[in-house]
Amino acid sequence: MKLTVLSVGGSIISPDKVDYLFLSSFRDMIISHLSSHEDEKLIFVAGGGAPARIYQEALRKVRPDAEAELQDMLGIKATHLNAMLLKAIFGSLSPDDIVTDPTDPALRFTGRILVAGGWKPGFSTDTDAVYLARRFGGKTVINLSNIKKVYTADPKKDPNAVPIDRISWKDFRAMVGDEWNPGLNAPFDPIASRLADESNMVVIAADGRNIENTKAILEGGPYEGTTIGA
């Protein structure tokens with residue numbers, strides 16, 4: 001049984017409000033893919049998106065000295081909301097409860113799709129995706145966000161930033177560092193990167209809004225994105 005983990009960024013589930021048109025197209029593509037790949041299971045890990053950002057910003061405005069752990073917890077609760085929505089749209093394909101602790105020994109994966117949200121403060125849902133890949137024997141994490149590729153720097157701040165097609169874990173980790181902070185804007189979070197590197201995983205970072213591109217990645221075809229660690 002082949003397993004692929006998709007880290008579905010909150011930036012594409014709920015960029016400012018829930019993007020139900022994207023979710024509808026994503027659902028149709030996934031159902032079609034699974035119907036023609038009977039030996040495959042998928043794990044989706046939902047990010048927080050606008051709900052996480054809005055609530056974290058509200059906390060910081062009221063309490064500028066709010067602990068990082070509290071900010072993280074608000075973001076985590078937002079991922080649970082998005083995870084429940086993902087689970088709901090896939091109906092009987094996703095019969096198990098959403099995962100909120102990837103290390104839980106009682107965790108069940110009986111359907112074709114398992115959906116997870118955030119776990120605990122200290123990292124993003126990218127790290128949860130890596131934990132679940134390790135738990136169920138997956139070697140690839142598809143990181144879907146609102147960027148087409150990883151850049152050498154933030155293209156919004158550095159006009160000389162260029163897109164990267166392929167990069168080693170050593171070079172990628174030198175770019176993103178080793179520290180996590182709530183709301184960190186990185187293509188794949190530092191904690192997840194360390195774990196994926198240690199586990200010899202491949203991460204493919206791509207624009208999740210491009211449904212056909214995601215389908216190409218799942219089916220092993222040519223795609224647009226950045227391959228990390230291969």
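Computed over heavy atoms, backbone and side chain alike; hydrogens, waters and symmetry mates excluded.
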Is there a donor-acceptor pair under 3.5 Å between the side chain of [X] and the backbone N or O of [Y]?
X      : Y      : answer
Thr152 : Val162 : yes
Ser199 : Met201 : no
Thr125 : Asp128 : no
Ser24  : Leu21  : no
Gln71  : Ala66  : yes
Arg194 : Arg173 : no
Arg135 : Asp104 : yes
Lys87  : Asp96  : yes
Asn146 : Ser11  : no

Flag the pair [X] / [Y] as yes when at least one side-chain heavy-atom distance between them is below 4.5 Å, and no otherwise.
X      : Y      : answer
Pro163 : Thr226 : no
Lys77  : Leu74  : no
Ile13  : Leu86  : yes
Thr4   : Glu40  : yes
Ile12  : Asp19  : no
Ile31  : Leu93  : yes
Phe90  : Leu34  : no
Ile164 : Met175 : yes

Say you draw a straight line from [atom1] of [X] to [atom2] of [Y]; how long is it, rounded to the nearest 0.5 Å?
X      : Y      : atom1 : atom2 : answer
Ile211 : Phe22  : CD1   : CZ    : 4.5 Å
Asp72  : Glu67  : CG    : CD    : 12.0 Å
Asn143 : Asp207 : CG    : CG    : 11.5 Å
Glu69  : Lys120 : CD    : NZ    : 10.5 Å
Lys215 : Glu212 : NZ    : CD    : 5.5 Å
Tyr223 : Asn213 : OH    : CG    : 9.0 Å

Heavy atoms from other residues, nucleotides or ligands near [atom1] of [X] exceed 12 (cutoff 6.0 Å):
X      : atom1 : value
Lys149 : NZ    : yes
Tyr55  : OH    : no
Asn210 : CG    : yes

Exercise. Given His80 and Ile98, is the side-chain contact (heavy atoms from CB on, under 4.5 Å) satisfied, shown in steps?
Worked result: CA-CA 8 Å; His80 295 170; Ile98 66 165; 4.3 Å; yes

Problem set entry | Among Asp126, Thr127, Asp189, the one residue meeting side chain to side chain donor-acceptor pair (under 3.5 Å) with Ser7 |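 Only one option passes, and that is Asp126.
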
Which atoms form the tightest heavy-atom contact between [X] and [Y], and what is the distance?
X      : Y      : result
Ile30  : Ile113 : CG2-CD1, 3.9 Å
Leu132 : Ala116 : CD1-CB, 3.5 Å
Gly117 : Val45  : O-CG1, 4.3 Å
Leu114 : Arg108 : CD1-O, 3.4 Å
Gly138 : Leu3   : N-CD2, 3.7 Å
Lys41  : Phe109 : NZ-O, 3.2 Å

Is [Y] reachable from [X] through a run of I, L, V, M, F, W or Y residues, each pair having side-chain heavy atoms under 4.5 Å apart?
X      : Y      : result
Phe26  : Leu81  : no
Leu195 : Val203 : yes
Val18  : Ile54  : no
Trp169 : Val150 : yes
Tyr20  : Leu144 : no

For this session: Would you sort out whether Leu218 and Leu42 count as a side-chain contact (heavy atoms from CB on, under 4.5 Å), showing the intermediate values?
Result: CA-CA 10 Å; Leu218 285 169; Leu42 301 174; 4.1 Å; yes

For this session: Determine, stepwise, if the pair Arg134 / Val130 fulfils side-chain contact (heavy atoms from CB on, under 4.5 Å).
Result: CA-CA 6 Å; Arg134 289 167 54 165; Val130 175; 4.0 Å; yes

For this session: Check step by step if side-chain contact (heavy atoms from CB on, under 4.5 Å) holds for Ile76 and Trp119.
Result: CA-CA 7 Å; Ile76 288 167; Trp119 177 19; over 6 Å; no

For this session: Please state whether the rings of His33 and His37 are parallel, tilted or perpendicular, taking 30° and 60° as the class boundaries.
Result: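 Plane angle under 30°, so parallel.
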
Exercise. Is Glu57 salt-bridged to Lys61, cutoff N-O under 4.0 Å?
Worked result: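 Looking at Glu57 and Lys61, the cut-off is not met.
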
